[in-house]
J.: 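This structure is in structure tokens; I'll ask about it shortly.
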Amino acid sequence: RCGVGLGRRRAGPDLPARDRAGGRGHAVLDRIDRRAILQGEGRLRLAARAARVEEGLHRMGNVLAHGKLSQNDKGLEETMPYASGRVIHDADAHIMEVPGFLEQYLEARHRAAVTDQVLFPRNEGFHSTRLKADTDRAGPVQEFDDAQIMLRKNWEALGASSRQDRPRSIDLLGFASQLMFTTALLNYSSVLEGGRDVELTYAVARAHTRHMVEFCSVDRRLLPTGYVPLVDFERTAKAAREAIELGAKALMIPSRCPDDHSPSHIGFDPLWAIAQEAGLPIVFHVGGGGKLLEDAYFNNGLPPVPDFHGGDDNFKSIDYMAIAYPPMKALTALVVDRVLDRFPRLKFGVIEQGASWVPGWMRNMDSAHNAFYRNEERLQKMSLKPSEFVQRQVRVTPYPHEDAGWIIANTGDEVCLFSSDYPHVEGGRHPIKRFEASMEKAGTTEEQKQRFYCDNFIDLMGAGLAPELRHPVQAAA
């Protein structure tokens, strides 16, 4: 098995998302890992299973305290959770859907329009691992190497597409909760938003929500998102109420601008009111922004380059730079048109769209507020500066490869959230370690870390996170 052994240098915090072995490791974090080996893991059979132990220990980052060790199914060795020693809530996790998943949730009259060929049009690149996975599995996995929990990705990961395995997955991950998103429906829902079949758009949204709620029903720590389109005002309000009644813990909306109106249109005030009254957040997720760049940008006269999955159907460096544009524009409209001012208890999450852009965006909005204040009554009515609305009501997830410590220092302690993107490969193998390295460099305080890993997520989720899940007791080492 290929892995990171005791004799190898481990990936540093500045490596690309693949977290490849080799290159310089992080000296402080490596010393912490070695100390943990000596103090907390001495009982493990290091000589016989050195590679497996190392794969488990690389997860720790610089979290010094360890949770209580648990036995795996075979009882042959002890495996600590990936996230140990502090309460960590995960603001981004996914289901890896397989062909046929939507049929039971979609009304019969729409099934002919939403086929597997529509949802899974390709078998290469990102989808290549789907063909390798056992998509016909009827029950939970009987054999799984616990040390692989952060190394197996996409459809090959534990609990990726089988809900029976997801409780074991979150046990091994060690997260107090995970905010759950679809994979297969992210882009497709955005495509429907730009179409003219309004009935199909909302029918797929209902099926989307049913699918998420049922998958997550196996464990209270799994928090399902419901999808709410922004095409029709009345249908949107109805979709929000239905999603909440079904059990959604957050309402996902597209960040692309609707074709005929702004996301800040007063016709959506019932949506904001429904979410605020329920105490649930509105969230944006990558994939909801529609087409990010014109095709011409990729016609540069040079050979094509692969995406980070090795194919050509996902992000490359050029369109990666545009990921933040749709939520930035949508949130600017919501702030300037005073949606956040008029619904002060409503929270917004920006998930898997990076955060390096947020400090400059906050400053730019404040600058625009000053520049246009004299002639715009909506700006004059604001009770706070635009950046202060962001600090009060907007929460974002930095990518592990971003400088999270710098972002926290320049946005405010309230804004940033931890996320793993499990089981997507772009989440990396060492997100905690990479975040910790960045925060160490920036001098991030323990109080700021507590907000990043836990408290800001609790604030975002509101009533969507049960009180007993917010600060679960961590077993002592």
Side-chain angles (χ1 to χ4, degrees), residues 13 17 19 59 61 63 81-83 86-96 149-150 153-154 157 159-160 166 169-170 173-183 186 212 216 221-225 249-250 252 255 281-288 308 315 320 323-324 327 347-358 394-405 407-408 411 413-439 444 448-461 464-465 469-470:
D19 290 331
R59 305 168 188 158
V63 180
Y82 165 68
R86 65 161 74 238
V87 175
I88 298 180
H89 292 279
D90 184 2
D92 183 33
H94 290 268
I95 304 170
M96 301 299 298
I149 189 62
M150 286 297 288
K153 294 295 183 180
N154 295 340
R166 202 66 183 227
S169 170
I170 196 170
L173 291 167
F175 298 130
S177 70
Q178 289 186 303
L179 185 59
M180 298 290 292
F181 295 88
T182 179
T183 297
L186 287 172
M212 296 301 302
C216 295
R221 295 171 293 178
L222 305 176
L223 311 176
T225 49
K249 305 304 182 185
M252 181 168 65
S255 53
I282 302 291
V283 294
F284 301 101
H285 194 284
V286 69
F308 54 81
F315 295 115
Y320 163 82
I323 288 175
K347 298 297 168 65
F348 289 84
V350 184
I351 310 301
E352 201 183 339
Q353 293 169 94
S356 295
W357 54 275
V358 177
V394 179
R395 307 291 174 256
V396 301
T397 58
Y399 291 123
H401 61 263
E402 292 183 296
D403 191 344
I407 297 168
I408 292 170
T411 58
D413 299 351
E414 310 92 337
V415 176
C416 290
L417 306 166
F418 170 84
S419 66
S420 75
D421 198 24
Y422 182 88
H424 286 177
V425 68
E426 53 266 37
R429 299 175 177 179
H430 313 269
I432 294 176
K433 182 174 182 176
R434 300 178 83 177
F435 284 130
E436 284 288 335
S438 172
M439 290 190 285
T444 305
Q448 290 172 316
K449 290 182 180 182
Q450 174 66 19
R451 284 180 173 271
F452 174 73
Y453 286 118
C454 179
D455 294 350
N456 290 346
F457 184 82
I458 294 172
D459 177 68
L460 170 71
M461 293 305 299
L465 185 64
L469 296 177
R470 297 173 184 176

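The first residue of the sequence shown is numbered 1, and numbering continues consecutively from there.
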J.: Closest heavy-atom contact between Phe435 and Ser419?
T.: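 Residues Phe435 and Ser419, closest heavy atoms: CE1-O, 3.9 Å.
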J.: Please report the shortest heavy-atom distance between Met180 and Met212, naming the atom on each side.
T.: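 Heavy atoms only, the tightest pair is O-CE, 3.3 Å.
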J.: Please report the shortest heavy-atom distance between Ser255 and Pro327, naming the atom on each side.
T.: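 Between these two residues, the closest heavy atoms are CB-N, 3.8 Å.
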J.: Check for a donor-acceptor pair, side chain of Asp413 on one end and backbone N or O of Gln448 on the other, with a separation under 3.5 Å.
T.: no
J.: Testing the basics here: between Pro281 and Lys249, what is the closest heavy-atom pair and its distance to 0.1 Å?
T.: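 Nearest heavy atoms, Pro281 then Lys249: CD-O, 3.5 Å.
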J.: Using the side-chain contact (heavy atoms from CB on, under 4.5 Å) criterion, which residues pair with Ala355? Sequence neighbours excluded.
T.: Val358, Val396, Pro398, Glu402, Ile407
J.: I'd like to check Asp459 versus Glu414 (side-chain heavy atoms, cut-off strictly below 4.5 Å). Are they in contact?
T.: no
J.: Are any non-hydrogen side-chain atoms of Leu173 and Met150 less than 4.5 angstrom apart?
T.: yes
J.: Hey, does the side chain of Arg221 reach the backbone of Gln178 with a donor-acceptor pair shorter than 3.5 angstrom?
T.: no
J.: Going by the angle between their ring planes, with limits at 30° and 60°, are Phe348 and Phe284 parallel, tilted or perpendicular?
T.: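 Rings of Phe348 and Phe284: parallel, under 30°.
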J.: Does the pair Glu436 and Lys449 meet the rule for a side-chain contact (heavy atoms from CB on, under 4.5 Å), with working shown?
T.: CA-CA 9 Å; Glu436 284 288 335; Lys449 290 182 180 182; 3.0 Å; yes
J.: At what distance, to the nearest 0.5 angstrom, does NZ of Lys433 lie from OH of Tyr82?
T.: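 If I round to the nearest 0.5 Å, the distance is 10.0 Å.
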J.: With a 3.5 Å distance limit and no angle check, can you tell me whether Thr397 reaches the backbone of Leu417 through a side-chain donor-acceptor pair?
T.: no
J.: Could you go through Ile432 and Ile88, starting from their C-alpha distance and side-chain angles, then the distance that decides it, and tell me whether this counts as side-chain contact (heavy atoms from CB on, under 4.5 Å)?
T.: CA-CA 10 Å; Ile432 294 176; Ile88 298 180; 3.7 Å; yes
J.: Going through the distances and angles, do His424 and Thr183 end up as a side-chain hydrogen bond (donor to acceptor under 3.5 Å, both in side chains)?
T.: CA-CA 9 Å; His424 286 177; Thr183 297; 2.9 Å; yes
J.: Evaluate the side-chain contact (heavy atoms from CB on, under 4.5 Å) criterion for residues Ile149 and Tyr422: first the C-alpha distance (whole Å), next the side-chain angles of each, then the deciding distance (0.1 Å), finally the verdict.
T.: CA-CA 10 Å; Ile149 189 62; Tyr422 182 88; 3.6 Å; yes
J.: Using side-chain heavy atoms (C-beta onward) and a distance below 4.5 Å, is Ile95 in contact with Thr182?
T.: no
J.: Can you check whether Ser420's main-chain N or O pairs, donor with acceptor, with Asp90's side chain at less than 3.5 Å?
T.: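 Looks like yes, one N/O pair under 3.5 Å.
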J.: Judged by atom type as modelled, is there a donor-acceptor pair below 3.5 Å linking the side chain of Arg451 to the main-chain atoms of Asn456?
T.: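 No.
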J.: Could you work out, with ring pair (Phe, Tyr, Trp, His ring centres under 6.0 Å) as the rule, every residue matching Phe457, not counting sequence neighbours?
T.: His89
J.: Can you find a heavy atom in the side chain of Arg86 that is under 4.5 Å from one in the side chain of Gln450?
T.: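 Counting from C-beta outward, Arg86 and Gln450 do come under 4.5 Å.
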J.: Below 4.5 Å, heavy atoms only, C-beta onward: do Glu352 and Phe181 meet side chain to side chain?
T.: no
J.: Quick one: closest heavy-atom pair of Ser177 and Leu223, and the distance?
T.: OG-CD1, 3.9 Å
J.: Go through the steps for His285 and Thr225 under the test side-chain contact (heavy atoms from CB on, under 4.5 Å), then give the verdict.
T.: CA-CA 11 Å; His285 194 284; Thr225 49; over 6 Å; no
J.: Between atom CH2 of Trp357 and atom OG1 of Thr411, what is the distance when rounded to the nearest 0.5 Å?
T.: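 The CH2 atom of Trp357 sits 10.5 Å away from the OG1 atom of Thr411.
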J.: Hey, is Lys153 close enough to Glu426 for a salt bridge, meaning N to O under 4.0 Å?
T.: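 Salt bridge: no.
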J.: Can you name the closest pair of heavy atoms from Met439 and Tyr453 and give their distance?
T.: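 Scanning both residues completely, I find the closest heavy atoms to be CE-OH, 3.5 Å.
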